[in-house]
Amino acid sequence: MLTIATWNVNSLRVRLAQVLDWLATHQPDVLALQETKLSDPEFPGEALAMAGYQTAFAGQKTYNGVAILAREPLVDVVTDLPGLDDSQRRVLGATVAGIRILNLYVPNGQSVDSDKYRYKLDWLDRLCAFVGEELQRHPALVVLGDFNIAPQDRDVHDPVAWAGKVLCSEPERVAFRRLLDAGLVDTFRQFEQPEHTFSWWDYRAAGFRRNYGLRIDHVLASRQLAERCRSCQVDRTPRKLERPSDHAPVVAVFD
DNA sequence: ATGGTGGCGCGGCCA
């Protein structure tokens, strides 16, 4: 069995104790983190090594930042989308135990009339091309992270209020479907799930208490690997803690 | 209610 998880921690500095607790409880083989918000020299590699995890990271001060924690060595690490000269640290690829892991912090986009939205759509175009290449090279591929896209209306607490807005707009959903068409499977949707399952709840307006959330964090797997997937679930537990991230972990288990 | 909260870092940006 192989457990692979993703969690946008919204500052690894603030959430390190929660991450260590979560690792001890769930003992995943791989945990992909987003929004670490730490420069590389600040990365808590020693604390994670003490917990039994090797790490690869692409850090950035204040914004963005991604990391992969793994029980086995991480090799062939990449930190960028090919051809995209971008100082924002949003991509981290590595091979662990023969499985290619691509950890993503997809741009948020801010609003559909924003320059950041255009950047997001361009970024997703380049991602799709890269995923196609990675699938050629790695039949066992996991693409996971904070996609900042709710793929369908059932992934949205109030689809009418969110219709056409960033995270839910049709161009973003088309980009997500293109990833699936390229050969990836949304492992969450391979299984019966509770209705109104989300992975992110706004800090404002008591979003979590009212379950006003979106499912924007995903674990996608190549078809070969998806056949080995036995479950994919959102773990809401850390979202209930004092001073939580606004995201919950998503955990997939493979044979 | 065109806001609300949280992280970073100390004013304003980003989510």
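Just so we're on the same page: letters track the sequence lines, and every chain starts at 1.
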For A:Arg236, all residues meeting side-chain hydrogen bond (donor to acceptor under 3.5 Å, both in side chains), sequence neighbours excluded: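 Here the qualifying residues are A:Asn211.
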
Partners passing side-chain hydrogen bond (donor to acceptor under 3.5 Å, both in side chains) against A:Ser199 (at least two apart in sequence or in another chain):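 Applying side-chain hydrogen bond (donor to acceptor under 3.5 Å, both in side chains) to A:Ser199 gives A:Asp217.
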
Of residues 106-120 of chain A, the positions that come close to DNA chain B - non-hydrogen atoms, cut-off under 4.0 Å: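 Those residues whose heavy atoms fall under 4.0 Å from DNA chain B, taken from residues 106-120 of chain A in numerical order, are A:Asn108, A:Lys116.
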
Inter- and intrachain pairs under ring-ring contact (aromatic ring centres under 6.0 Å, His included), touching residues 40-81 of chain A, at least two apart: A:Phe43-A:Phe57

B:dG9 phosphate, OP1 or OP2, under 4.0 Å from A:Thr62 side-chain N/O: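 Yes, such a contact exists.
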
Salt bridge (charged side-chain N to carboxylate O under 4.0 Å, His left out) partners for A:Arg228, two or more places apart: none

Proximity to the side chain of A:Val14 - top-ranked nucleotide from B:dG9, B:dC8, B:dA15: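 Per side-chain heavy atoms of A:Val14, the pick is B:dC8.
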
Closest listed nucleotide, where the reference is the side chain of A:Arg204 and the choices are B:dT5, B:dG7, B:dC8: B:dT5

Atom CG of A:Asp115: over 12 foreign heavy atoms under 6.0 Å: no

Spacing of the P atoms in B:dG3 and B:dC13 (rounded, Å): 15 Å

B:dT2 and B:dG7, which share atom name P, separated by this distance in whole Å: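 To the nearest whole Å, 25 Å.
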
Touch class at under 4.0 angstrom, heavy-atom based, for A:Arg90 against every strand present: sugar-phosphate

With sequence neighbours excluded, residues passing ring-ring contact (aromatic ring centres under 6.0 Å, His included) with A:His26: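 In terms of ring-ring contact (aromatic ring centres under 6.0 Å, His included), with neighbours along the sequence ignored, A:His26 is linked to A:Trp22.
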
A:Asp217 CG to B:dA15 P, straight-line distance once rounded to whole Å: 15 Å

